[in-house]
Amino acid sequence: MEYLRPQNLKNALHLMKQWKKKATLIAGGTNVIPDLRARAVRPEVLIDISHLKSLAYIKEDKRKIHIGALTTVSELASSKIIEKWAPLLSHAANQLGNPLVRNRATIAGNLADGSPAADTAVPLLALEAIVVIQGGKEKQVPIHQFFVGPNQTVLKRDEMIKEVIIPKFNPNAKTAYFKLGLRNSMAVSVVSIAVLMEMEKTFCKKARIGYGAVAPKPIRAYRVEEMLENKELTERLLRACCETIGKEISPISDIRASKEYRTEMASVLLKRVMKRVTQ
Amino acid sequence: MDDQQYHAIGKTSIRKDGIAKVTGQEIYTTDVVLPRMLHARVLRSPFPHATIKTIDTREAEKLGAICITPRDVPDLRYAERIVTIPSKTFKDRQVLTNTPRHVGEAIAAVAAETEDLAEQALSLVRVEYERLPAVFDPFEAMKEGSPLLHRTILFGQDEIQVKNNIAASREIVEGDIEKGFKEAEIIFEETFETGRVYHAQMEPKSVVCQPEADGGITVWTTTQTIHNVRQLLGEIFKIPLSRVNVKKVALGGSFGSSIQMNSVVPIGVALALKARRPVKLVSSREEDMHDHCKYPSWIQLKLGGKRDGTFVAGHMKVIIDIGAHNTQAYPLLGCMAGWWVSLYKLPHLKFEGQAVYTNKVPACAMQGFGNPQVTFAVESMMDMMAEKLEIDPIDLRLKNYVGLGETFWGQGPTVKSIIRSCGVEEMLRKGAELVGWKDKFKREKTEGVIRRGIGMARGFHTSGAGAPMAGEVIDYSGSIVKINEDGSVDFLTALMDLGGGTLDALAKIVAEELKVPLDKVGISPVDTRTTVYDVCTHATRGIYCGGGALHKVTGQAKTKLLEFASRILQVPPHSLKMEVDEEAGQGMVYVDGVQGRRISVGEVAKTAQINDWGTIAAVDSLRQVSCPPCFMAYFIEVEVNMETGVIKPTKALAYADVGQVVNPDLARGQLFGGLYRGLGYALLEDTQYDEESGELTSGGWITDFKMLTANDLPEMDNIEVHFTDTYEPTGPFGAKGIGEAALNPVAAALANAVYNAIGVRFTEIPITPEKVLKKINDHCKINSEKLTVKN
Ligand SMILES: Cc1cc2nc3c(=O)[nH]c(=O)nc-3n(C[C@H](O)[C@H](O)[C@H](O)COP(=O)(O)OP(=O)(O)OC[C@H]3O[C@@H](n4cnc5c(N)ncnc54)[C@H](O)[C@@H]3O)c2cc1C
């Protein structure tokens, strides 16, 4: 296996185009290195971009936050901008892996890996983030269209994530995030949830709900969102939502949890976040 | 105990190996690098049961690799663990096998210039397997017609037939249980099940072997016993022990997993002998997880008692799924009987245990050696009985426990001694007071989502396997002590420090006995050539047995020292006293009340040298004739989330009777460690198998063998540790052991706390959230919270 270390983004893209399927891009390496060890990937070349620090930034303009692809999860977790404008992402970043992993793991790596349990994807879904992809030319993909299936995204072999854009949310909106794992650190989510709700007293104007580990990819709970939006929130409605969610998701049984447990927890976590945002 | 002032025993100090360890200078097996050393990799069976039709290594050899297959290794069956006496040892192992019996069993091995090249060579070895039917469940395995793993095995020298995959069985009877149960007014019966935990010791099993010009070998390896490794290698490779040398290197933890000679050791040796070059073989974590695990157990327990809470009879039936090889199941069963009968007095009892082969990773000793399993069952049942009898669980325990003056089984029915120190009453009464037991245990039950509970359990472990009579298990230690010409002291022992600081404790024993400052005592690097025999660091015997032997030998050196001092000071030796002079950095010998009759240990030794009197040194062995139990109690508080099934331990109090505490910080560390591993045992740790492939569902990946993290424990401020005020008259400076005791009662304390919180009894560990939820859904009523909407 060959190891390549391009000097800039352009160079990296060039190499990707050149090697296509034979290459694997590596950023923090917290997915790639274990995959190499398990022989889940067997590339001929590794293209290392971890040193391209110009792609590590968190910036804000009037309406949006821009997060560079190589921003690490610990940078997300400690950023004042994120805390203010995307607290959901702060919470998720704080609970991802452990300090060692967070120091290396990048936001783009988390998204590009395409795990159904990807922890940054879930808040980004609720925040309606946009993934900026650079290939031949630049394109912007809404995050809910970015994931295709287990470890599959819309990314092509010669494309990479350059940036993630988060529209600044209405500061009056309420948000809540929960992650359930088999332990409190170093745990892949059994179920995770992020919600953002814009409320006027008890009236719900807008609801965005992201879920992790309950479907082949990180998902939005559209049916539940629809049940909530432009409705007076009553206990009855909230209970109905907790029932509906079981039908909207399609979890699997794996080494961490059974399908049944995940289904039940999807509902329990929905109840928890609803409690959080409505009080 | 007398009121003497210790300067080393019981004092906090910096570990002697601490600086080397934290700065990365300590040498572990993996750090050993030799000139012209080759690197080895092992070919392991992908099938749980198969025979090998052909192995073709030609392509690998073309790469320059040295290859070994079952044809190239000595054709004999051996037992990896030789702590047990030869006549009671079962043997079913081979260095490499033609009949792999679990996924991951070694079939062939290669050595090459680099690890990469060895990997490449390994991938070129062609093996033709014939798959055989496999069995994974011990109850299935015992059925007539189930696939048989071993047709015959060796028991001592005799070849014996294996029936229904039963590797070993034991029946132990005292009194008459039929009569006993007839006398009982109340009878309890329950089955308990415990998990198949992976040791997850920090350092994976490894070996470096150097073939010597005289036909001998030098070996560095991960082990708890350098002498047993030496003896076994001598036996397998037919090399005189005088030419087999096993070097002592630091061990990166073990939890019991290196009580035996590790399976990689003879493979590394066979490769080195064939290559005539040094060979290094380091297991990957995945290989290590396919090498060993804790004994999982099914324990059927029946207890009969009187209405006043006195026990009259007990019957315990145990099934152990040992996996593909019998590492030490026979002594295990004996020990389990012993742990059980030594917890509470039972006039009539019967123990029946069976160890069963299955096509899984072989189980071996792990912290507690059957004791955590037994204690989980017994201590859970104690709470069940206490509730039924309407007695406080602590009172029920105090009424029946085996204590001072009573007989204790330290290592099965052949290792018994009388208890001479016991802090049980103190730990139960004071512990209860400290946690506010009375109020919390009877606390009003809530119906909310989060429910709180408190539970306790007690237990113990043996300190070593000593007894007046020789038993089924060998137990003695030996040391060499040498007083240097400047008053510093060297001691040499084969006793291994598994990471807990055992040798630091031993240094304190030497310092205290000779009254020299601790920093003047050196722990010598040793090997099997420079030490006398020590059986093994297991059975919580390090300080009590290893330290006991060293104490004796230090005493002999001291006698010689005082003899020389008496010549110099011209007084009889028995008029001499010793004290430490920290400022001078010396031990001092003096005559009480006589001015000017005072000399340092260094001056004595130097004078002895100048006058040609000789070195002040001693060597000897000691078998302890007792195996005092170190007692332990835990009080644990939990929160159970009724919606997710998550159990959160919120507070813990550990109370230990270790006799005299030798090393306060490290003793506390053992208790934290025991609590940590015990909570993992109770809540999370387990290995499971895919029945189709026979492979671990984790595939051996440590990321999928979940253990708790620091974040899953109670906050440090909420963990309290206490030691009873006890003194063991047979121990060095009153000390007993601690290591395994620290784990044994944790799972039961946790299960009892969960019961206290939600009224549901868990008899199977680990108690995972899914299991909790399932039982909650069947048994509990939860007032669902209101989902009110506030402005
Ligand atoms: C111990 C441990 C614990 C973990 N815990 C969690 C957890 O709790 N939650 C969680 O979600 N994840 C967890 N992970 C997974 C992992 O840490 C995250 O997915 C991380 O964000 C990956 O980022 P990385 O930079 O390390 O990616 P890498 O491993 O470098 O790459 C991951 C994938 O993304 C691709 N890639 C990287 N950068 C780009 C880019 N700019 N454009 C396109 N493709 C790119 C790579 O080619 C590869 O396919 C854990 C991993 C470990 C080892």
Side-chain angles (χ1 to χ4, degrees), chain A residues 1 30 34 37-40 95 97-99 101 174 178 180-188 190-191 197 199-204 228 231-242 253-262 264-265 267-279, chain B residues 116 119 123 284-287 449-450 641-649 676 679-680 683-690 695-715 766-774 776-777 782 784-791:
Chain A
M1 190 171 57
T30 57
R37 200 177 150 94
R39 298 181 206 279
Q95 291 175 51
N98 65 5
V101 172
K174 301 270 180 56
F178 277 110
L180 188 70
L182 291 183
R183 55 185 174 191
N184 293 331
S185 282
M186 291 274 282
V188 177
V190 165
V191 178
M197 305 243 280
M199 310 270 296
E200 229 160 60
K201 293 200 170 155
T202 58
F203 186 80
C204 172
L228 294 165
K231 300 274 166 48
E232 198 64 43
L233 294 193
T234 61
E235 178 162 10
R236 199 157 145 212
L237 175 64
L238 294 182
R239 288 208 186 282
C241 291
C242 292
S253 293
D254 64 13
I255 186 164
R256 286 175 285 278
S258 68
K259 180 179 163 167
E260 293 72 28
Y261 185 72
R262 285 200 160 95
E264 197 171 339
M265 288 311 103
S267 164
V268 165
L269 291 197
L270 184 63
K271 198 173 102 186
R272 270 201 205 172
V273 289
M274 286 303 151
K275 236 183 116 179
R276 184 66 68 82
V277 295
T278 54
Q279 295 199 350
Chain B
D116 251 4
E119 281 283 354
S123 67
S284 68
R285 179 59 67 185
E286 295 79 77
E287 284 178 295
V449 171
I450 304 289
N641 185 311
M642 301 297 277
E643 289 181 341
T644 59
V646 173
I647 299 167
K648 186 176 162 196
Y676 161 70
L679 290 174
L683 293 172
L684 188 59
E685 294 177 33
D686 202 6
T687 55
Q688 295 194 336
Y689 285 78
D690 179 73
E695 168 63 306
L696 288 160
T697 50
S698 68
W701 298 101
I702 194 75
T703 39
D704 286 326
F705 171 70
K706 290 278 186 286
M707 305 174 73
L708 299 180
T709 69
N711 267 344
D712 300 290
L713 294 179
E715 303 268 325
I767 313 171
T768 60
E770 286 206 39
K771 286 187 201 163
V772 173
L773 215 57
K774 201 166 174 304
I776 286 176
N777 290 342
I782 313 165
S784 58
E785 291 168 301
K786 264 193 114 59
L787 278 169
T788 42
V789 184
K790 284 190 196 151
N791 301 336

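The sequence lines fix the lettering, A, B, ..., with proteins before strands; numbering per chain opens at 1.
Within a 6.0 Å radius of CD in A:Glu232, other residues, nucleotides and ligands contribute more than 12 heavy atoms. The local environment of CZ in A:Arg276 is sparse, with at most 12 non-hydrogen atoms from other residues, nucleotides or ligands closer than 6.0 Å.
The distance from the CD atom of A:Glu264 to the OG1 atom of B:Thr644 is 10.0 Å, given to the nearest 0.5 Å. Taking CD from B:Glu770 and OG from A:Ser253, the interatomic distance works out to 8.0 Å, rounded to the nearest 0.5 Å. To the nearest 0.5 Å, the span separating OG1 on B:Thr697 from CG on A:Asp254 amounts to 10.5 Å. Expressed to the nearest 0.5 Å, how far CE of A:Met186 lies from NZ of B:Lys706 amounts to 8.0 Å.
For a residue to count as touching a neighbouring chain, one of its non-hydrogen atoms must lie under 4.5 Å from one of that chain's; by this rule A:Arg37 touches chain B with backbone and side chain alike. Of the atoms belonging to A:Ser267, not a single heavy atom falls under 4.5 Å from chain B. Contact of B:Thr768 with chain A is not made at all, since no heavy-atom distance falls under 4.5 Å. In this structure, chain B has a heavy atom under 4.5 Å from the side chain of A:Leu180, while its backbone stays farther away. Of the two parts of B:Asn641, only the side chain, counted from C-beta on, holds a non-hydrogen atom closer than 4.5 Å to a non-hydrogen atom of chain A.
Using a 4.5 Å heavy-atom cutoff, the side chains of A:Ile255 and B:Phe705 are not in contact.
Taking B:Glu286, B:Gln688, B:Lys648, B:Lys774 one by one and counting their heavy-atom pairs under 4.5 Å with chain A, the maximum is reached by B:Glu286. Put simply, of A:Ala257, A:Ala187, A:Ser185, the one with the most heavy-atom pairs under 4.5 Å next to chain B is A:Ser185.
A salt bridge does not link A:Lys275 to B:Glu643: none of the charged side-chain nitrogens sits closer than 4.0 Å to a carboxylate oxygen.
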